[in-house]
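Following: one structure in structure tokens, then a few remarks.
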Protein chains: 2
Amino acid sequence: MLEAAEALGYFPNAIAKSFVTQRSGNIGVSLPSVPNVRLFSTYYFSEILSGIGFEVQKHGYGLLLQFREWEGKPDFALPFHTRKIDASLILGVRMGGAEEEAAAELEREGMPFCLIGSRGSSPSFSAVDADHCEGTGKAVRHLVEQGFRRLAFVNGPLVYSNSVDRQQGFEAEIKRQGLDVADVLYLEGNYSRSSGLELAAQLYAQRDRFDAIVAGNDRMGIGIVQGLKERGMLAGNDYGIVGCDDSDASKILEPPLTTVRVPFFEMGRAAASRILEGLKSGEARLEPFHETLPTELIIRESSLKAR
Amino acid sequence: MLEAAEALGYFPNAIAKSFVTQRSGNIGVSLPSVPNVRLFSTYYFSEILSGIGFEVQKHGYGLLLQFREWEGKPDFALPFHTRKIDASLILGVRMGGAEEEAAAELEREGMPFCLIGSRGSSPSFSAVDADHCEGTGKAVRHLVEQGFRRLAFVNGPLVYSNSVDRQQGFEAEIKRQGLDVADVLYLEGNYSRSSGLELAAQLYAQRDRFDAIVAGNDRMGIGIVQGLKERGMLAGNDYGIVGCDDSDASKILEPPLTTVRVPFFEMGRAAASRILEGLKSGEARLEPFHETLPTELIIRESSLKAR
DNA sequence: CTGAAAGCGCTAACAC
DNA sequence: GTGTTAGCGCTTTCAG
């Protein structure tokens, strides 16, 4: 019957349906946009987005993409108020800032949403992320197993929960390995390759303090490898290094970069799946949930100790 | 007055508005999704998407993201029929296949749409792309100016209009430089790094036939550089090579890859801008338009002839 | 120029 | 079970 109707050129008007059911059939995805500067790797976002898209499609929902300004307070609630979306997936949220305030607003109004790739400082926010704590631990253990003993840790900004997670995982594993946290050389970049490049100068100046480096992501790791190479230090030869993300670039670096693989696609999928189930269940308010997906250490040459 | 209303907790219901105005206020963006295999670089899509997002936001429209299956005939018309979108931007269309048939349907029904990054075989389809013809010409000229004379051309599948453009640009410039097209070594990959890696074997076997390579994109170029390096041939030293896209990876390759920069962001912006203007003008049927944006040759070490 | 009313295309509730 | 109708929140039209 419906097929017959379609053959006659009839299509149900989804807007009319949304109007009466009070459900748009769309879920919103908010991501930060920084014109001309990409602090986040495009890899990161496109993988998560694909995962979301996969799941959303499967449930017959639409996916409304919303770029937000990097600075200032985003209005996560507006598309709910105007009934354009039924739920929101929010990427790249920093802790303790305007983004979190805006998320708290959503919570107050009972709008279903989930953070992806960062937890936010309140446990009442639903969130899906990778287990960066465990991932960084694996990186440390691997380096120690390779025979490295004096580790440097180049982290990203601590406004991201995953940076905090990495720090925790790093320190916990350092202790577990019987090493002294006080000996660790800490540096902080902004997750960009250029910040890795800059940090390489500082690392070189203190090269007697470390024999291996854990970098918060591949992009910084790559910048460090390049910066140290300029100064005559070769990854894998003169020091070990592990990145994080398993980006394409990590594979083509010379030497190839050992890295912590993060299941971005699965993270997007998981978050979308939970949110959509919540919508379908029709409950007034979704219980906050937290999902932490496992990471995997991908061992390449950059962390293999030369003999 | 509207602000006062908002203070009282009122928000206009965008769905109700769409219902009555018969306009969803959303632009659809269709992109191919290949689970676990990325033939397209994520860079390509995320840049175009950002450009679209920038423009769409500016006009107060929403951006509905639609992943389509790699195989089979996509239903570009459905979201129009169900009134979920007012116009469509379609990425990654192959010529002469089911995607084009689906696009032809849109055209027949008078739905506004624009292809981005590929033209389609019919000039009646609106399209925005980079000037790959000119870009590849620049690459050839540069290599010849560097003193290379026997060029190899590793193109992508000819189902993409940009591959055809590159072929034309390549041959035209070869002739213009007084070289013989018949001498050129032609190979075809699928734009992935692994296909470049495989093609490197063939290139190596015929290494007496070329002293420089033009690759259809960076990913293949990188694969070629890596594959030839395994066999002892060093880019920049033993041969020159130029890629295309100016991807992040091209910068970290060793040696850094000379490449044709493609204004992806601007392409997305231009297409969205034209389509949105068309919608606002309210004309029944949008005149088909074609925009071809200039490329830029980014010279790095891989194409500099050693002395 | 201001204010009332019709109607968009569906779903859900209700009557038959 | 099947058929009818009210009504969702806007915009547009038409009357005052």
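Residue numbers start from 1 in every chain, and the chains themselves are labelled A, B, ... in the order their sequence lines are given, proteins ahead of strands.
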With sequence neighbours excluded, residues passing side chain to side chain contact (heavy atoms under 4.5 Å, CB included) with [X]:
X: B:Ser121; answer: B:Met95, B:Glu100
X: B:Phe19; answer: A:Ile15, A:Ala16, A:Phe19
X: B:Gln66; answer: B:Leu64, B:Pro79, B:Ile85
X: B:Glu277; answer: B:Ser273

Who are the salt bridge (charged side-chain N to carboxylate O under 4.0 Å, His left out) partners of [X], not counting sequence neighbours?
X: A:Arg83; answer: none
X: B:Asp86; answer: none
X: B:Glu107; answer: none
X: B:Glu69; answer: none

(message) With a 3.5 Å distance limit and no angle check, can you tell me whether B:Asn162 reaches the backbone of B:Gly117 through a side-chain donor-acceptor pair?
(response)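 Yes: the side chain of B:Asn162 pairs with the backbone of B:Gly117.
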(message) At 10 degrees resolution, what angle do the end axes of the helix from C:dC1-D:dG16 to C:dC16-D:dG1 form when each is taken over five base pairs?
(response)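 Overall, the helix from C:dC1-D:dG16 to C:dC16-D:dG1 bends by 50° from one end axis to the other.
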(request) Walking along DNA chain C from 5' to 3', note the first and the last nucleotide with an atom under 4.0 Å from a heavy atom of chain A, and give both. (result)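 Terminal contacting nucleotides, 5' to 3': C:dG9 to C:dT11.
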(request) Please find the earliest and latest nucleotides of DNA chain D, in the 5' to 3' direction, that have an atom within less than 4.0 Å of any heavy atom of chain A. (result)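 Under 4.0 Å from chain A, the extent on DNA chain D is D:dG7 to D:dG9.
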(request) Please identify each residue that fulfils side-chain hydrogen bond (donor to acceptor under 3.5 Å, both in side chains) with A:Ser18, with sequence neighbours left out. (result)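 Scan of A:Ser18 (side-chain hydrogen bond (donor to acceptor under 3.5 Å, both in side chains), adjacent residues dropped) gives none.
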